[in-house]
There are 2 protein chains.
Amino acid sequence: MVSIVSVAKAAGVSNKTVSRVINGEPYVTEQTRERVEKAIRDLGYIPNMAARLIRSSRSNTFGIITDYVSTTPYSVDIVRGIQDWANANGKTILIANTGGSSEREVEIWKMFQSHRIDGVLYVTMYRRIVDPETGDVSIPTVMINCRPQTRELLPSIEPDDYQGARDLTQYLLERGHRRIGYIRLNPILLGAELRLEAFRRTTSEFGLTENDLSISLGMDGPVGAENNYVFAAATEMLKQDDRPTAIMSGNDEMAIQIYIAAMALGLRIPQDVSIVGFDDFRTVTMALKPELTTAALPYYDLGREGAKWLNDLIAGEKIYPGGRVVSCKLVERSSAAFRPH
Amino acid sequence: MVSIVSVAKAAGVSNKTVSRVINGEPYVTEQTRERVEKAIRDLGYIPNMAARLIRSSRSNTFGIITDYVSTTPYSVDIVRGIQDWANANGKTILIANTGGSSEREVEIWKMFQSHRIDGVLYVTMYRRIVDPETGDVSIPTVMINCRPQTRELLPSIEPDDYQGARDLTQYLLERGHRRIGYIRLNPILLGAELRLEAFRRTTSEFGLTENDLSISLGMDGPVGAENNYVFAAATEMLKQDDRPTAIMSGNDEMAIQIYIAAMALGLRIPQDVSIVGFDDFRTVTMALKPELTTAALPYYDLGREGAKWLNDLIAGEKIYPGGRVVSCKLVERSSAAFRPH
DNA sequence: GCGCGCTATGACGACGTTGTCAATTGCGAT
DNA sequence: ATCGCAATTGACAACGTCGTCATAGCGCGC
């Protein structure tokens, strides 16, 4: 492999001078610089990061440790956000998935340390509370889409499920809906509770009572292998005489089954029932006809902001103590309309 | 950061002896070994990969270069397969996404080289033909889900779209269907042609004529921002008097729209129309009710096999010249049944 | 003419690790 | 007793890069 020494030899200068050219340091004549640059091009020299790291003990590498994110279709946008920021700022990224195993997680932290990463982005597939198995060493860490048990311990950044569900509820209310169904997400998920809570509070503030609401469980059990009642629940809900004129779905994926249930009963969307989802999982929201109105989880921003924050943390700047929350934008498409009269 | 030297000092041996212990080399007494291991534990020593690499010029790192894979919900299983293999075999993985930009791709190859990766897995989101912008340097490379323009140039491994579609067609034929619809995937995609071709050939071998078939374009335009006719095409197809009793969908995602189109016309699945998909994109196949019968793209295996192959390549073994193909397994669920009579 | 400060360059060592080779010890065979 | 050999250990160099410090040339003000 061609090294700085061979370049130096080719250009007839010392290796330190080559180093200066590479790193854009001053005190090199234009003439020398050009000779060196030519040699670099001719030999196809590419700096060796490992050697550089050994000297500087700053790897310019971030580690991403996730449960399943980068191997699961849902929250890939977090990773995309991180990568985009990293590219733009000359950072390299190491990704590893625990697959849910905590032995594996311990190994990964070791592996990261052996690569002398500068910091870790701890990312989860769905919003939850976890304590990273960091070992006793302290490495700058930002948690994305999750937060630690012991509140203010690590910086964290999460989507605002509450606000998203509130906006969605208001949206339906503003369109005249007064009997609204809600099919719950798996209650294990942190977002599930918040979304439902927002739905309850917002409708109640608006003057609706529990009687106007029709809330049922859509799925439960361990995440990824849950029991699925969505189709049955939606069917039952829509078969009632005083059926809801709008249904909020725990997430977009569940909305597929609600669509099918509604259609099987001969109901048209949105003329007979309005349906809204949550997440803005494009594969679903765009494939459904009519396309699904939903609240977008700000995954991309979570990733970008998290990376930026980690960078600040490493630089020793701005150490906010606790957690931040990013709002969910309502994406209006055509699955919800004014209440039929 | 604690180094091998501090461990040596603590254990009262030379650093070379510590190195021997770490690497499990022979010629260390049990007693010495234990003293060293204790020192390692006490100090929390973790080997520095960068320093190791500098000596050995073998990084034990594979680079994954993709267009969008790791940031897109579809083919994440390829990455999962690679990662699983890598974990099991002590390899580290560097992932980078070009986002489709070829300048970016050139940068990434440089970046990989600067990290002295041992080899590259070149992965695409959907099956296609590409020529990697590798620059002139030759790095062991295996292409996954794609293949080079100039056939035998690089080893490649792809799913067998043809066989998958043939099996699916046979499945429908065996169930008595004699009028079959086909809604085409975007023709830009390599898999699209092969799947359609398999459908045509298999039905024709079975004795069906073009008249028994009803083939229409579901989408076209640039991938990711295509024009979508699926719902309209399915509706039209199913409104005919001699409508097909079964429809093959270009992929699973498109099947959502076919379901909705069928249901909007009051058709029951599978009693009135059978529907089959392609890909086994779980988010869709499991959410649809009835669940979708489909052919599974062997993404996980593609990743695992690709990584293994790359490893062999690096080790200098088994240099098969050309491309390999992995079969698609038919996953029977409940969206297809015997033809109604 | 002398010293000063600035520009331009190179010699050298250090980072953490491992390969090479030499040194030391013990033991069985000659 | 001597030799050969295996087991055990360490000293030292080298990998590629960059930080430190020294050196040399040059122009400027006194």
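Proteins get letters first, then strands, A, B, ... in listed order; numbering begins at 1 in each.
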Sugar-phosphate, base or nothing in reach of A:P47, heavy atoms under 4.0 Å: sugar-phosphate
Spacing of A:R58 atom CZ relative to D:dT17 atom C1', expressed in whole Å: 17 Å
Side chain of A:S14 - closest among C:dT9, C:dG19, C:dG10: C:dG10
All salt bridge (charged side-chain N to carboxylate O under 4.0 Å, His left out) counterparts of A:D131, not counting sequence neighbours: none
Rounded distance (Å) that lies between atom P of D:dA14 and atom CD1 of A:I4: 18 Å
Salt bridge flag under 4.0 Å for residues A:R104 and A:E107: yes
Residue pair B:S156 / B:W309: nearest heavy atoms and the distance that separates them: O-CZ3, 3.3 Å
B:T66 and B:N97: CA distance, side-chain angles, deciding distance, side chain to side chain donor-acceptor pair (under 3.5 Å) verdict: CA-CA 5 Å; B:T66 77; B:N97 301 87; 2.7 Å; yes
Give me, pair by pair, the N or O atoms of the protein and of nucleotides 21-23 of chain C that are less than 3.5 Å apart, along with how far apart they are.
none

Test item: B:I22 and B:I40 side chains (from C-beta on) under 4.5 Å apart, heavy atoms: yes
With B:K308 via salt bridge (charged side-chain N to carboxylate O under 4.0 Å, His left out) - residues at least two apart: B:E305
Student check: side-chain heavy atoms of A:L190 and A:E158 closer than 4.5 Å: yes
Within-4.5 Å side-chain heavy-atom neighbours: A:M49 and A:N60: no
Under-4.0 Å side-chain N/O to phosphate OP1/OP2 contact, A:R52 with D:dG16: no
A:I46 CD1 - D:dG16 P separation (whole Å): 14 Å
Distances for protein N or O near nucleotides 12-15 of chain C N or O, under 3.5 Å:
residue, atom, partner, partner atom, Å
C:dA14, N3, A:R55, NH1, 3.1

Nucleic acid footprint by protein, nucleotides 22-28 of chain D - heavy-atom cut-off 4.0 Å, B for base, S for sugar-phosphate alone: -------
Phosphate contact (C:dT18 OP1 or OP2) by B:S19 side-chain N/O below 4.0 Å: yes
Under 4.0 angstrom between A:T29 side-chain N/O and C:dT7 OP1 or OP2: no
Spacing between A:R35 atom CZ and C:dT9 atom P, to the nearest angstrom: 8 Å
Presence of A:T17 side-chain N/O under 4.0 Å of C:dG10 phosphate oxygens OP1/OP2: yes
Heavy-atom check, side chain of B:H115 versus side chain of B:S59, under 4.5 Å: no
Distance in angstrom units between A:L53 CG and D:dC15 P, rounded: 19 Å
Spacing between A:K9 atom NZ and C:dG10 atom P, to the nearest angstrom: 14 Å
Distance, rounded to the nearest Å, where B:N23 contributes CG and C:dG16 contributes P: 17 Å
End axis versus end axis in the helix from C:dG1-D:dC30 to C:dT30-D:dA1, the angle rounded to 10°, five pairs used at each terminus: 60°
Among A:L313, A:D312, A:L310, the one residue meeting side chain to side chain contact (heavy atoms under 4.5 Å, CB included) with A:P155: A:L313
Residue pair B:R128 / B:D67, side-chain heavy-atom distance below 4.5 Å: yes
Side-chain heavy atoms of A:T141 within contact of A:W109, under 4.5 Å: yes
Atom-pair distance (CD on B:E25; C1' on C:dT17), nearest Å: 11 Å
With B:V7, the side chain to side chain contact (heavy atoms under 4.5 Å, CB included) member among B:V13, B:V18, B:T17: B:V18
B:V325 to B:P159 - nearest heavy-atom pair and separation: CG2-O, 4.3 Å
B:T32 side chain near D:dT9 phosphate (N/O to OP1/OP2, under 4.0 Å): yes
Nearest to side-chain heavy atoms of B:Y27, which nucleotide of D:dT17, D:dT9, D:dG10: D:dT9
Minimum side-chain heavy-atom gap B:Q83-B:R80 below 4.5 Å: no
